[in-house]
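The chains referred to below are lettered A, B, ... by the order of the sequence lines, with proteins before strands, and numbering in each begins at 1.
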Number of protein chains: 2
Amino acid sequence: MPTKTFFNLSDAKRERLIDVATKEFSEKSLNEASINAIIKSASISRGSFYQYFENKEDLYFYIVKTIKSDSEELFKQELKKADGDIFVGFRNYFPHLLINMMEEPNANFYKQLFLHMDYRATKEVAPEELSSHEEGSIETKKSVFSFVNRTQLQVDSVQELNKLMRLITSIMMHEIIEGFARDYSQEKIKANFYQKLNWLEFGAKK
Amino acid sequence: MPTKTFFNLSDAKRERLIDVATKEFSEKSLNEASINAIIKSASISRGSFYQYFENKEDLYFYIVKTIKSDSEELFKQELKKADGDIFVGFRNYFPHLLINMMEEPNANFYKQLFLHMDYRATKEVAPEELSSHEEGSIETKKSVFSFVNRTQLQVDSVQELNKLMRLITSIMMHEIIEGFARDYSQEKIKANFYQKLNWLEFGAKK
DNA sequence: TATTATATATGACACCTTGTCACAATGCAA
DNA sequence: TTGCATTGTGACAAGGTGTCATATATAATA
């Protein structure tokens, strides 16, 4: 996380820095992007940068966190509308996610992110509740899981439900990555995702 | 790909270089690994390195290709044994894959690979036939697909079958990555994978 | 207001990369 | 031996990162 000093900065300076960095990360991958380029564009001295951030990653994942809209909340809403049916919930949630990720202003940032994402980045992008995955402490906090109608699912516990939802999430992400890589239209990505969701929901076997 | 010059090298020199590089890539990620370290350990001059390889990636993916056992062939065999049932095929194939990836001598190399893998690397590791994915030219070559019993599946075409198998492959990889990240035992990884395979096969909905 | 304390800014520096290139040293064939 | 093709070499330019002693604001206190 950025330091207190960073958050003490004037809005103008802070936003300028973030804007410049976001632009850099939208054009280059995390590895290719350079602190030099950022501080030069933002007219900030090298020393200052390191007073705000531990390193490039620190800045990067702060931006990821910022950009990522509160998707979990949105999903909960769709889940409620769907009376706790996660398949319907995911289907209706997916278009929102696509828009957030594949349309301006975030499209290029996400493209770079997804095409160069490693395991760590995956966790940063995934909904927090699902990725945390502490097997014991799930039931305590009132969470997405409480909105799910489990009776209609082949799951025996919240842990299994968690696994199932994480599976769907990862399939979802996978489709978006594939979409970025192959320049698929949103429609095509949706079709691909829905097909996989159908297999998972009803079985791929006759 | 490495140059002709590289393959002209004496076995001793070539193997020494590959050994040293493999060790480096088993301890550090592709990004962290340094050509300097490799050429120093292998007692090779900087100029020579660039006469063998275009860059670090060139060497890296050559090693990946080498290390990766011909998994496709193994899978075909399991598929035949299973009378074309891909679910049985994948179930029986998975333990082989786990051993190849999670036991000596490849374990650390794969761990680094998987924990820092991006989209490109994903494609390098995935079975070639599945990753190529040229929608037209699939049926021509006699391939895995010809061993699959499609009648029992909810797929309408070879393209759909390809998608389904790519889905399973990606779930499989995902489980292995998760396993590396969380230091799961092979047994736990298997259990996780089989559960997901069951959902996919028979449906996650009651 | 003058002085002290705290927070912020700075850029030279050491140390690391990578890829290139002019040149040296081989090996092999005529 | 001469000549050509192949292989080997390390200094070099250009770029990267993180640190640190020092300078400059800004706030707080006497």
Report task. Could you check R46(B) against N36(B) for side-chain hydrogen bond (donor to acceptor under 3.5 Å, both in side chains), going step by step and ending with a plain yes or no? Result -> CA-CA 8 Å; R46(B) 183 153 207 80; N36(B) 278 345; 2.8 Å; yes
Requested in this report: Measure up the Y62(A) and F53(A) rings against each other and bin them: parallel (under 30°), tilted (30 to 60°), perpendicular (over 60°).
Outcome: tilted
**Report entry** Nearest-Å distance for atom pair CG/P, residues N55(A) and dG18(D)
**Finding:** 6 Å
**Report entry** Min side-chain heavy-atom separation F75(B)-H96(B) under 4.5 Å
**Finding:** no
Query raised in the report: Taking the inter-plane angle between the rings of Y60(A) and F25(A) on a 0 to 90° scale, is it parallel (under 30°), tilted (30 to 60°) or perpendicular (over 60°)?
Result: perpendicular
Query raised in the report: Across the strands shown, which category fits F53(A) at heavy-atom distances under 4.0 angstrom: base, sugar-phosphate, nothing?
Result: nothing
**Report entry** Of residues 5-17 of chain B, the positions that come close to DNA chain C - non-hydrogen atoms, cut-off under 4.0 Å
**Finding:** none
Query raised in the report: To the side chain of K56(B), which of dG8(D), dT18(C), dA12(C) is closest?
Result: dT18(C)
Query - Exam field: side chain E160(A) to backbone D156(A), donor-acceptor pair closer than 3.5 Å - result: yes
Query raised in the report: Hey, which of these two, K4(B) or S34(A), hits DNA chain D nearer its 5' end, going by closest nucleotide?
Result: K4(B)
Query raised in the report: Parallel, tilted or perpendicular: which describes the rings of F94(A) and F193(A), with under 30° parallel and over 60° perpendicular?
Result: tilted
Query - Interatomic distance where CD1 belongs to I39(A) and C1' belongs to dT17(D) [whole Å] - result: 10 Å
Query raised in the report: Which angle, to the nearest 10 degrees, lies between the helix axes at the two ends of the helix from dT1(C)-dA30(D) to dA30(C)-dT1(D), each defined by five pairs?
Result: 20°
Query raised in the report: In whole Å, what is the span from the CD atom of Q51(B) to the P atom of dG19(C)?
Result: 15 Å
Requested in this report: Report the distance from atom CG of N31(B) to atom P of dC16(C), rounded to the nearest whole Å.
Outcome: 19 Å
Query - Contact nearer the 5' end of DNA chain D, comparing S43(B) with F49(A) - result: S43(B)
Requested in this report: Whole angstrom is fine here: how far is it from OH in Y52(A) over to C1' in dT10(C)?
Outcome: 11 Å
Query raised in the report: Is the shortest heavy-atom distance from the side chain of S26(B) to the side chain of Y110(B) under 4.5 Å?
Result: no
Query raised in the report: Any donor-acceptor pair under 3.5 Å linking the side chain of N55(B) with the backbone of D58(B)?
Result: yes
Report task. Taking the side chain as every heavy atom from C-beta outward, state whether I35(A) and L59(A) have any pair of such atoms under 4.5 Å apart. Result -> no
Requested in this report: For dT8(C), take OP1 and OP2 only and decide whether either is under 4.0 Å from a side-chain N or O of S48(A).
Outcome: no
Query raised in the report: Can you find a side chain N or O atom of Y50(A) that sits less than 4.0 Å from OP1 or OP2 on dT10(C)?
Result: no
**Report entry** Whole-Å gap separating P (dG15(D)) and CD (E32(A))
**Finding:** 16 Å
Query raised in the report: Looking at dT6(D), dT18(C), dT19(D), which one has an atom nearest to any side-chain atom of R46(A)?
Result: dT19(D)
